[in-house]
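Side chains are part of it too, since the values below use all heavy atoms of this structure and drop only hydrogens, waters and symmetry mates. Numbering of ligands and ligand atoms starts at 1, following listing order.
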Amino acid sequence: MLIIPTYNEHDNIAVLVGRIRKAAGSEPILFVDDNSPDGTASEIRRIQSADPDIHLLARPGKGGYGSACRDGIKKVLHENLADYVIQSDADLSHPPELLPRMIELLKTNPVVIGSRYVAGGGAENWDIRRRCLSFGANFYARWFTGVPVRDMTAGFVGYQTDVLRKIDLDAIRSEGYAFLMEMKFTLHRSGTRFCEFPIVFYEREAGKSKFSRKILYEGMRFPLKALGARISGA
Ligand SMILES: Nc1nc2c(ncn2[C@@H]2O[C@H](COP(=O)(O)OP(=O)(O)OP(=O)(O)O)[C@@H](O)[C@H]2O)c(=O)[nH]1
Ligand SMILES: [Mg+2]
């Protein structure tokens with residue numbers, strides 16, 4: 001099952017669902033929408049009326065990327081909806097055409113990461129500033145957290161549900177992309193093995209980024225917090 005958090009992604013939904021259906025057939029999709037002012041939820045409901053494998057978790061207001069992913073994952077675990085979950089963004093940054101490969105790898109690997117920083121991976125239409133920022137953030141995150149993953153901020157990630165049941169999701173509090181590092185850090189500490197495969201990441205073309213200073217600061221703080229936890233043995 002795919003978990004896709006959405007906030008103001010109205011113009012991406014139809015194309016996204018079309019590409020997922022073409023690449024991965026009737027793979028169930030759980031959208032987690034935070035009452036997007038642009039009517040994303042009505043667009044999801046419109047498509048849902050003709051596609052029974054689309055589900056919508058509608059939350060009352062903007063609660064953040066991290067909590068949207070957590071709520072989606074918790075719903076799948078509590079209701080036993082699937083054996084694996086794959087989180088992906090709605091802005092077409094993560095090519096749906098790679099889903100069959102991700103699903104295949106999830107048969108033998110507990111956590112599968114679509115990685116920009118293994119051979120064959122990369123990012124399309126990123127300027128030099130964005131490349132340096134992402135590469136620097138990853139290098140710093142890997143070093144401080146000690147997690148053996150090349151792409152620590154990857155957001156196209158698949159998990160077998162069994163490994164998610166072993167960790168305390170409520171203890172994961174990050175809201176922005178730090179959530180992605182915190183998940184990997186927590187899973188690593190629970191003894192989980194990771195598999196990375198290359199993806200080419202595409203910058204969004206429609207809709208607006210939700211990246212903010214607050215999210216950046218949280219992302220800078222998390223590796224330090226993780227280092228503190230490693231040193232103190234917490
Ligand atoms: N439900 C929910 N979804 C969110 C929230 N913030 C972001 N998202 C979704 O999470 C995904 C990632 O957000 P983006 O805005 O693409 O953030 P980003 O990828 O760091 O930024 P860009 O690279 O500029 O696109 C998208 O599908 C968003 O719609 C939120 O508060 N609630
Ligand atoms: Mg994005």
Side-chain angles (χ1 to χ4, degrees), residues 2-17 19-20 29-45 47 54-76 85-96 98-99 113-117 121-138 141 151-157 169 172-183 199-220 222:
L2 278 164
I3 296 180
I4 305 182
T6 56
Y7 195 75
N8 286 346
E9 301 288 2
H10 180 280
D11 296 348
N12 285 317
I13 302 299
V15 181
L16 176 70
V17 173
R19 282 176 59 182
I20 294 171
I29 307 171
L30 172 62
F31 285 102
V32 185
D33 184 69
D34 281 0
N35 204 4
S36 300
D38 75 345
T40 303
S42 356
E43 176 68 351
I44 295 169
R45 288 196 186 96
I47 296 174
I54 291 184
H55 309 271
L56 172 63
L57 176 56
R59 309 200 307 166
K62 192 168 184 339
Y65 167 79
S67 85
C69 293
R70 273 194 302 275
D71 282 1
I73 292 173
K74 281 201 236 167
K75 182 176 164 68
V76 176
V85 296
I86 297 170
Q87 63 174 92
S88 175
D89 290 353
D91 56 1
L92 300 163
S93 287
H94 304 137
L98 297 175
L99 283 168
I113 298 172
S115 176
R116 292 160 294 184
Y117 300 115
E124 276 288 309
N125 46 6
W126 267 12
D127 58 23
I128 188 77
R129 194 183 137 269
R130 180 78 200 259
R131 271 176 210 279
C132 291
L133 187 73
S134 174
F135 188 81
N138 261 289
D151 195 345
M152 281 296 288
T153 54
F156 188 43
V157 186
L169 283 167
I172 296 178
R173 307 303 275 267
S174 305
E175 280 311 339
Y177 73 90
F179 168 78
L180 298 163
M181 297 191 260
E182 192 170 4
M183 280 294 281
I199 70 158
V200 174
F201 180 99
Y202 292 85
E203 193 53 68
R204 71 157 68 241
E205 283 176 10
K208 283 202 194 96
S209 169
K210 280 102 222 167
F211 197 74
S212 66
R213 217 168 267 266
K214 190 171 153 232
I215 287 175
L216 177 68
Y217 291 152
E218 184 193 49
M220 286 162 74
F222 180 75

Nearest protein heavy atom to [atom], by residue and atom, and its distance?
atom	value
atom 19 (O) of ligand 1	Asp89 OD2, 3.7 Å
atom 9 (C) of ligand 1	Pro5 O, 3.4 Å
atom 22 (P) of ligand 1	Ser209 OG, 3.5 Å
atom 6 (N) of ligand 1	Lys62 NZ, 3.6 Å
atom 7 (C) of ligand 1	Lys210 CD, 3.7 Å
atom 4 (C) of ligand 1	Tyr7 CB, 3.7 Å
atom 28 (C) of ligand 1	Glu9 OE2, 3.2 Å
atom 14 (P) of ligand 1	Arg204 NH2, 3.5 Å

May I ask you to list the atoms of ligand 1 that are less than 4.0 angstrom from any heavy atom of [X]?
X	value
Arg130	23 (O)
Ala68	1 (N), 2 (C)
Glu203	22 (P), 23 (O), 24 (O)
Asp34	1 (N), 2 (C), 30 (C), 31 (O), 32 (N)

field: Any N, O or S atom of Glu203 closer than 2.8 Å to the Mg ion (ligand 2)
entry: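 Under 2.8 Å: Glu203 has no N, O or S contact with the Mg ion (ligand 2).
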When only distance counts, is [X] in polar contact with ligand 1, meaning an N/O pair under 3.5 Å?
X	value
Asp33	no
Phe201	no
Ala90	yes
Arg59	no
Gly64	yes
Ser93	no

For atom [atom1] of [X], decide whether the heavy atoms of other residues, nucleotides or ligands shown that lie under 6.0 angstrom number more than 12.
X	atom1	value
Arg173	CZ	no
Lys74	NZ	yes
Glu205	CD	no

message: Can you tell me if Glu205 contacts ligand 1 (heavy atom of the residue under 4.0 Å from the ligand)?
response: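 Heavy atoms of Glu205 never come under 4.0 Å of ligand 1.
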message: Could you check whether any heavy atom of Tyr65 sits closer than 4.0 Å to an atom of ligand 1, since that is the contact criterion I want to use?
response: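 Flag set, Tyr65 near ligand 1.
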Supply the atom-to-atom distance [X] [atom1] to [Y] [atom2], rounded to the nearest 0.5 angstrom.
X	Y	atom1	atom2	value
Asp151	Phe201	CG	CZ	9.0 Å
Ile172	Leu180	CD1	CG	10.5 Å
Ile13	Ile47	CD1	CD1	7.0 Å

- request: Might you point out which heavy atoms bring Ala141 and Met152 nearest each other, and give the distance in Å?
  value: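 Shortest heavy-atom contact: CB-CB, 3.9 Å.
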message: Tell me if the aromatic rings of Phe135 and Tyr117 count as close, with their centers under 6.0 Å from one another.
response: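 Ring centres of Tyr117 and Phe135 closer than 6.0 Å.
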- request: Using the side-chain contact (heavy atoms from CB on, under 4.5 Å) rule, take Leu30 and Val85 through it: C-alpha gap first, then chi angles, then the decisive distance, then the call.
  value: CA-CA 10 Å; Leu30 172 62; Val85 296; over 6 Å; no
task: For ligand 1, indicate whether the residue Gln87 contacts it via side chain, backbone, both or neither (heavy-atom separation under 4.0 Å).
output: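 Neither part.
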message: Which atom name would you report as the N, O or S atom of Asp91 nearest the Mg ion (ligand 2)?
response: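 Output for this pair reads OD2.
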message: Quick check against the 3.5 Å criterion: does Asn12 have a side-chain atom that pairs as donor or acceptor with the backbone of Asp91?
response: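 Side chain of Asn12 to backbone of Asp91: no pair is present.
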message: Check whether Thr40 reaches the backbone of Tyr7 with its side chain - one donor and one acceptor, N or O, closer than 3.5 Å.
response: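 A pair under 3.5 Å: no.
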query: Relative to atom 16 (O) of ligand 1, which among Asp91, Thr6, Asp71, Leu92 owns the nearest non-hydrogen atom?
result: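 The option holding the nearest heavy atom is Asp91.
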message: Under the criterion side-chain contact (heavy atoms from CB on, under 4.5 Å), I'd like the reasoning laid out for Met183 against Phe179: C-alpha separation, chi angles, the key distance, then a yes or no.
response: CA-CA 6 Å; Met183 280 294 281; Phe179 168 78; 3.5 Å; yes
task: Give the C-alpha distance, both sets of side-chain angles, the deciding distance and a yes or no for side-chain contact (heavy atoms from CB on, under 4.5 Å) between Leu16 and Glu9.
output: CA-CA 10 Å; Leu16 176 70; Glu9 301 288 2; over 6 Å; no
- prompt: Under a 4.0 Å N-O cut-off, is there an ion pair linking Glu175 with Lys214?
  reply: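 So Glu175 does not pair with Lys214 through a salt bridge.
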